[in-house]
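Remember, it's a predicted structure, so these values are computed and weren't measured experimentally.
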Amino acid sequence: MCSETENMCCIWSTLFAAFFVVYNIPLAAGQSTDKFTDIELGLDYQKLLAKLEILDTKISRVETASKEQFSLLESKLDKIFKQAETIGWSVQSVQKDVEYVQKEIQHFKNYSREQLNSLNSSTTIIHSILMEGRQQKGESYPVKEESPLRREAPYGNIAYDSCDVTAKNSSKIVDLLPEPGFGSIFSVLCDQEYEQGGWIVVQNRFNGSVDFYRGWKEYRNGFGNLNGEFWLGLDKLHSLTYAAPYELHVLLEDFENKTVVAKYSRFAIGNENESYALTKLGEYSGNAGDGLNYHRDARFSTMDMNHDLPGNNGAIDWTGGWWYRRGHHSNLNGQYLKGAVDNTKYHGKGMTWNPFRGYDYSLKGSRMMIKRIIQ
């Protein structure tokens with residue numbers, strides 16, 4: 001195939017050959033050469049050559065112009081590619097800046113909470129020192145009776161900062177707001193019957209009516225029904241345990257109606273950027289056996305968000321959502337399998353607390369509760 005320039009050359013070469021044949025046919029046929037003298041032929045030949053030179057010049061100009069136009073377009077295309085790369089880099093840079101700002105905000109939030117807790121502790125200590133000083137001097141010290149901390153919530157509702165300041169007459173669902181400015185109001189079940197009341201129920205299972213094999217978003221936000229089986233939500237659990245010091249009690253029951261408890265003097269989890277890691281776990285006591293210490297500092301994992309140690313995927317392997325760490329010593333959000341299981345199919349996949357009934361026994365009931373430590 002000829003290019004556009006080559007096509008034009010072909011056309012004019014053909015025309016030149018045609019003219020040459022036409023002008024020479026009479027000579028070849030033996031006709032009279034009176035009309036075509038040597039001078040005339042020479043003139044026509046010179047004219048034809050001149051025309052060809054003109055055409056060659058035009059063709060060269062077209063070729064040069066085409067090259068310049070192509071070079072210009074190539075330069076513009078190169079600029080477009082560079083601009084696209086710059087825009088892509090800018091978008092990535094902005095995303096990194098946004099992520100950095102989010103982390104700084106969360107860091108400031110956690111820092112502020114720690115400072116508030118420290119100030120509250122200092123206030124309590126000063127108050128105790130003043131009390132002791134006045135008692136030594138035989139002076140009476142007026143003590144203001146503490147009233148439940150109540151905050152105005154949307155639509156005229158009342159929000160408390162924890163369950164220990166709500167009415168102790170019966171267990172019920174109330175609205176909490178652990179710290180103003182650090183989150184929104186949410187509902188919890190307050191257990192006022194277990195050990196003097198004031199307990200926030202964060203996990204409740206007793207009949208298997210709710211499926212606990214769920215994804216990250218549901219474990220973060222919470223699921224189930226506060227009047228039945230439920231998981232309160234990792235975001236809420238973080239807000240509570242970083243607004244104030246909390247202890248944790250885990251109540252367990254098997255299908256022989258034996259009940260046991262595991263108590264931890266402190267309990268707290270990190271934020272979502274920290275994958276809700278089990279950041280604080282105090283001393284263990286109770287008769288259930290210590291099923292959580294193995295999971296200390298582990299990050300939370302779900303079926304669609306694996307934070308287990310490299311090479312492991314606990315949420316998939318053990319069919320639940322938990323602080324997995326290359327296996328587990330407890331799996332209270334595993335499957336509800338009703339007692340002893342076939343260990344070839346369900347080993348460690350049930351609702352287990354290994355120090356209590358082992359890996360191959362799925363418990364009847366599990367209730368995780370936290371209570372604020374009043375200093």
Check: Thr279 side chain, Ala268 main-chain N or O, donor-acceptor pair, under 3.5 Å: yes
Donor-acceptor contact present, side-chain Tyr336 to main-chain Lys364, <3.5 Å: yes
Qualifying residue, where the test is side-chain hydrogen bond (donor to acceptor under 3.5 Å, both in side chains) with Ser366 and the options are Gln203, Glu253, Glu229, Arg205: Gln203
same_hphob_cluster(Tyr284, Ile370) at 4.5 Å side-chain heavy-atom cutoff: yes
Sole residue of Arg220, Lys236, Arg299 in salt bridge (Lys or Arg N to Asp or Glu O under 4.0 Å) with Glu272: Arg220
Expected output: side-chain Arg325 to main-chain Arg296 donor-acceptor under 3.5 Å: yes
Gln335 and Ser362: side chain donor to acceptor below 3.5 Å: no
Gln196, CD: over 12 other non-hydrogen atoms inside 6.0 angstrom: no
Verify same cluster id: Ile200, Val174 (apolar side-chain graph, 4.5 Å): yes
Test of ring centre spacing under 6.0 Å for Phe212 and Trp231: no
Donor-acceptor contact below 3.5 Å, side chain Arg357 vs main chain Leu363: no
Val250: which of Leu332, Val260, Val261 passes side chain to side chain contact (heavy atoms under 4.5 Å, CB included): Leu332
Pair Tyr276, Asp235: side-chain N/O donor-acceptor within cut-off below 3.5 Å: yes
Backbone of Ser171 reached by a side-chain donor or acceptor of Asp191 within 3.5 Å: no
Crowding at CD, Glu195 (>12 non-hydrogen neighbours, <6.0 Å): yes
Aromatic ring proximity Trp199/His249, centre distance under 6.0 Å: yes
Ring centres under 6.0 angstrom apart (Tyr359, Trp318): no
Side-chain donor-acceptor contact under 3.5 Å, Asp290 with Tyr264: yes
Whether Trp322 and His295 hold their rings parallel, tilted or perpendicular, with breakpoints at 30° and 60°: perpendicular
N/O donor-acceptor pair under 3.5 Å between His329 side chain and Leu292 backbone: no
Distance under 6.0 Å and angle within 45° of ring axis: Lys217 vs Phe223: no
Under 3.5 Å side-chain donor-acceptor pair for Gln192 and Thr166: yes
Side chain to side chain, Tyr194 and Leu251, heavy atoms closer than 4.5 Å: yes
Phe356 atom CZ, neighbour heavy-atom count above 12 within 6.0 Å: yes
